[in-house]
Every structure is written in C-alpha cells, then in structure tokens.
Amino acid sequence: MRKLFAAVAATALLSAPAAFAQSQTLLAFGDSITLGTGASPSSNGYASVVATAKGWTLDNHANSGTQASDYSSGQIDAVLQQTVSDTTKTIMLSGYNDMRAWGSSTTGLATYADTLRAMLIWLATRSSMIQTGQSLSSGWTNLTTSAYLNNIGIFSSTTNATATAHVYGDVIYVVSIRLGTGGGTFTLWVDGTQFGSTYSCNDAQATLRGAAYAPLVVRIDGQTETTHEVTMKVTSGSGNVFLMWMSGNRGASTKTGPEVWVGNCLRMPTTTAYGLGTYSAGSDAAVGLYNRKIREVVRELAGDGLNVTLADAGGAYILSTDVDSDTIHPNNTGHAHIADAFLKAMQTTVVAGDRGGRQ
C-alpha cells in the first residue's frame with residue numbers, strides 16, 4: 001500500500017500534544033530537489049514540509065546543480081561549515097546528480113560513497129570529537145588553499161612525516177583526500193600497531209563542475225571502547241598526503257548524539273531526463289547501484305552506533321505522477337512523497353546502538 005501523502009502526516013504530527021514539539025533547527029543538504037525546485041510555492045518543498053510537520057526551523061544549505069564532492073558552494077563544502085552538537089538534526093538527499101553525471105562508473109560510485117560517508121560522519125559526530133592532528137612532526141602544512149571553504153586539514157609530501165591524534169570509541173574514522181592523480185601514500189597506526197596496508201590519495205572521479213578531488217575515508221573497527229592514539233605516516237614523497245580529520249564513534253551503544261536522516265536516489269523518465277545535457281549517464285541501473293551503496297553506507301555507520309537513518313525517498317516516489325514538467329524535479333505530489341519518507345524514518349524508536357544489534 002502506498003504511503004499517505006506528507007500533508008496528511010504533517011497534519012497528524014502538528015495535532016500531537018504540545019509536549020511533542022520542541023525548539024529545534026533542522027539542517028538540510030543536497031541539490032535543487034532539497035532547495036524545493038519543482039514545488040509551488042516553495043513551502044511545498046519536501047524539506048519545508050518536514051520542518052513544518054516537526055515544528056522545527058529549516059536551515060537549508062542545499063546547492064542546485066551540485067554533486068556531493070563539489071567545492072565552491074558544493075554539498076560537502078556546506079556540510080563542513082557546520083558546528084555539530086549532540087542536539088543537531090539533519091536531513092540529506094544526495095546522489096541524484098552524481099548518478100546522472102557518472103552513471104554506472106565504478107570510480108564515480110566509489111568517489112560518491114566516500115564523500116557521503118565523510119559527510120555523514122561529520123554531521124553525526126559532535127564537533128568537539130573531531131581532531132586534525134594534536135601532535136605533528138615537521139613537514140606538514142595547513143590546507144589554507146583547500147577547496148573546502150573552512151580550509152580544514154593538513155597535508156605533507158615529506159616521507160615519514162607523522163600526524164597523531166587521540167580519539168574515543170570502538171570504531172575510528174580517518175578522513176583524507178583523494179586526488180584524480182598525483183597523490184601520495186600513507187599508513188595508519190592505532191596504539192602503535194599498523195592497521196591495514198598502504199593507502200593512496202588517488203582515484204577520485206572529477207565532477208562536472210571540475211572538482212578533481214574528494215574525501216577518502218578509512219574506517220577502523222574492532223577496537224576496544226577507549227581512547228586510542230591514531231597516527232598517519234606519509235610513506236611516499238612523490239605526492240601530497242592529506243589529513244582532514246580523525247574521530248571516533250563514542251562507542252557502539254551510544255543512545256544520544258546528533259541525528260541524520262539520509263534519502264536515496266529517485267528514478268527519472270528514461271526517455272527524457274536521463275539523456276539531458278551533460279547529466280546524461282544516468283539510468284535505472286545506476287539508480288539501483290547508488291541506492292544500494294547509500295543503504296550500505298547508512299547501515300555501516302548506524303551499526304557503528306552513529307545516529308544515521310535511511311529515509312527511502314526513492315521507494316516513496318511514484319514516477320508516473322510525481323515528476324514535474326521538466327522531467328527532472330519532483331512536483332508538489334513528489335515533494336510530499338519524499339517528505340513522507342523522511343517523516344516515517346523519524347518516527348522510529350530504534351536508536352543507533354540497537355541498529356546493528358549491539359547493546
């Protein structure tokens with residue numbers, strides 16, 4: 001049975017007891033769909049409908065025509081500007097333009113997946129837990145020329161240069177940057193023991209806007225829940241190695257903390273929109289690939305204990321009735337169905353530590 005329209009859900013939620021409502025800002029990230037394109041008036045955009053239904057104030061940072069790894073007012077740019085607290089709440093609908101630009105490209109999908117992973121880790125982690133490098137050897141330089149607007153991170157091309165930080169949790173995240181070509185290599189050490197082998201700052205897929213780099217995320221699981229000393233060591237002097245940040249998950253059974261709800265890709269009319277302009281690589285097959293990857297990333301981080309939840313926007317979207325006349329963006333009904341998916345995801349009582357079956 002199809003889900004009820006978001007307008008019905010919104011009415012029901014707004015009629016709930018006053019104790020349900022709370023003073024809260026809802027952050028929103030994505031592309032033109034999250035901005036509300038196709039909705040008339042703009043208050044019918046899915047992000048606005050969700051915020052209104054919850055009684056929250058919308059703070060919309062979506063950027064039209066962008067892919068996830070785009071710089072200069074791109075999606076990850078906007079995410080990395082945010083200071084995150086335990087009460088921060090976020091919705092995100094990302095991957096639509098990546099799918100249309102890159103189609104079934106393996107490199108494109110990997111670039112998108114790590115960018116999504118980095119954005120979700122940032123938004124689901126209290127900012128005070130983010131560490132760039134508390135102890136640095138010589139040879140590191142601040143990323144003052146970084147494409148990311150807050151110039152987050154450091155880089156080095158000095159062989160054996162090390163950057164060390166202390167993070168808490170039983171899962172550790174190290175977020176670097178991968179280039180298209182020309183990046184260096186590094187190893188990672190946790191409490192004096194090497195994790196994995198050698199990692200390369202290469203193989204990013206360039207976006208249509210020209211961003212030739214993207215996040216590289218190394219996830220280190222299976223650790224004891226405590227504070228760990230994590231060290232990045234440069235192993236190649238032939239290219240730059242980047243460190244944006246290191247962080248931990250705070251432990252597998254975290255019940256509180258920032259909350260993020262993540263939508264997935266929508267299908268498009270195959271005879272028109274998949275072949276429009278430079279965004280011409282999309283297909284139903286590519287939608288399937290991206291949606292499986294989005295689900296995989298969300299389940300991975302939720303299993304780690306981060307408060308990240310999938311909102312099945314693609315499943316709620318009815319292709320025959322929900323597309324605007326431009327054959328790309330949702331119409332009012334489409335935005336209502338997308339909002340339904342987010343509102344349904346928000347109603348769950350399952351918390352992060354339970355999502356992976358861990359207490």
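Not measured: the values here are computed from a predicted model.
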Tell me every residue that passes salt bridge (Lys or Arg N to Asp or Glu O under 4.0 Å) with [X], counting only those two or more places apart in sequence or in another chain.
| X | result |
| --- | --- |
| D221 | R219 |
| E296 | K293 |
| R117 | D114, E300 |
| R209 | none |

Find the distance between [atom1] ([X]) and [atom2] ([Y]) and round it off to the nearest 0.5 Å.
| X | Y | atom1 | atom2 | result |
| --- | --- | --- | --- | --- |
| I294 | S94 | CD1 | OG | 7.0 Å |
| D284 | L319 | CG | CG | 8.0 Å |
| S69 | M119 | OG | CE | 8.5 Å |
| E259 | I91 | CD | CD1 | 13.0 Å |
| I318 | L266 | CD1 | CG | 12.0 Å |
| N331 | T333 | CG | OG1 | 4.5 Å |

For [X] versus [Y], what's the shortest heavy-atom pair and its separation?
| X | Y | value |
| --- | --- | --- |
| V167 | Q131 | CG1-CG, 4.3 Å |
| R267 | Y317 | O-CE2, 3.8 Å |
| A62 | L35 | O-CD2, 3.5 Å |
| T187 | S197 | CG2-O, 3.5 Å |
| I220 | Q223 | CG2-NE2, 3.6 Å |
| T327 | P269 | O-CD, 3.4 Å |

For residues 182-203, pull every pair meeting salt bridge (Lys or Arg N to Asp or Glu O under 4.0 Å), keeping only residues two or more places apart or in separate chains.
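Matches after skipping sequence neighbours: none remain.
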Do [X] and [Y] make a side-chain contact, defined as non-hydrogen atoms from C-beta onward lying under 4.5 Å apart?
| X | Y | value |
| --- | --- | --- |
| Y168 | E225 | yes |
| K54 | L26 | no |
| T132 | W140 | no |
| W122 | I152 | yes |
| R178 | N202 | no |
| N264 | D312 | yes |

Audit row: L343, V50, side chain to side chain contact (heavy atoms under 4.5 Å, CB included) steps and yes/no:
CA-CA 7 Å; L343 290 168; V50 171; 4.3 Å; yes
Sidechain-backbone polar pair: [X] side chain, [Y] backbone, donor-acceptor under 3.5 Å:
| X | Y | answer |
| --- | --- | --- |
| N249 | D304 | yes |
| S127 | V84 | yes |
| S156 | G139 | yes |
| S176 | F242 | yes |
| D98 | Q67 | no |
| Y279 | L208 | no |
| T235 | T185 | yes |
| S283 | A286 | yes |
| D77 | D70 | no |
| S137 | T162 | yes |

State yes or no: do [X] and [Y] share one hydrophobic cluster built from I, L, V, M, F, W and Y residues joined by side-chain heavy-atom distances below 4.5 Å, directly or via other members?
| X | Y | result |
| --- | --- | --- |
| I121 | I172 | no |
| V175 | F195 | no |
| V262 | M346 | yes |
| V79 | L306 | yes |
| L109 | V297 | yes |

Go through the side-chain N and O atoms of [X] and [Y] and say whether any donor and acceptor fall under 3.5 Å apart.
| X | Y | result |
| --- | --- | --- |
| T88 | Q82 | no |
| T107 | S105 | no |
| H61 | N63 | no |

side-chain hydrogen bond (donor to acceptor under 3.5 Å, both in side chains) contacts in which one or both residues fall within residues 35-51, not counting sequence neighbours
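Of all non-adjacent pairs touching residues 35-51, those that pass side-chain hydrogen bond (donor to acceptor under 3.5 Å, both in side chains) are T34-Y46.
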In a check of ring-ring contact (aromatic ring centres under 6.0 Å, His included) between Y112 and each of Y96, W102, Y290, which one passes?
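Among Y96, W102, Y290, the one meeting ring-ring contact (aromatic ring centres under 6.0 Å, His included) with Y112 is Y290.
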Begin with the C-alpha distance, continue with both residues' side-chain angles, and end with the deciding distance and a verdict on side chain to side chain contact (heavy atoms under 4.5 Å, CB included) for T164 and Q134.
CA-CA 6 Å; T164 299; Q134 298 162 317; over 6 Å; no
Run through T66, T115, N97 and flag the one making a side chain to side chain donor-acceptor pair (under 3.5 Å) with Q75.
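In the set T66, T115, N97, the residue that makes a side chain to side chain donor-acceptor pair (under 3.5 Å) with Q75 is T66.
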Test: R100 and D31 ion pair at under 4.0 Å
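Answer for the salt bridge query: no.
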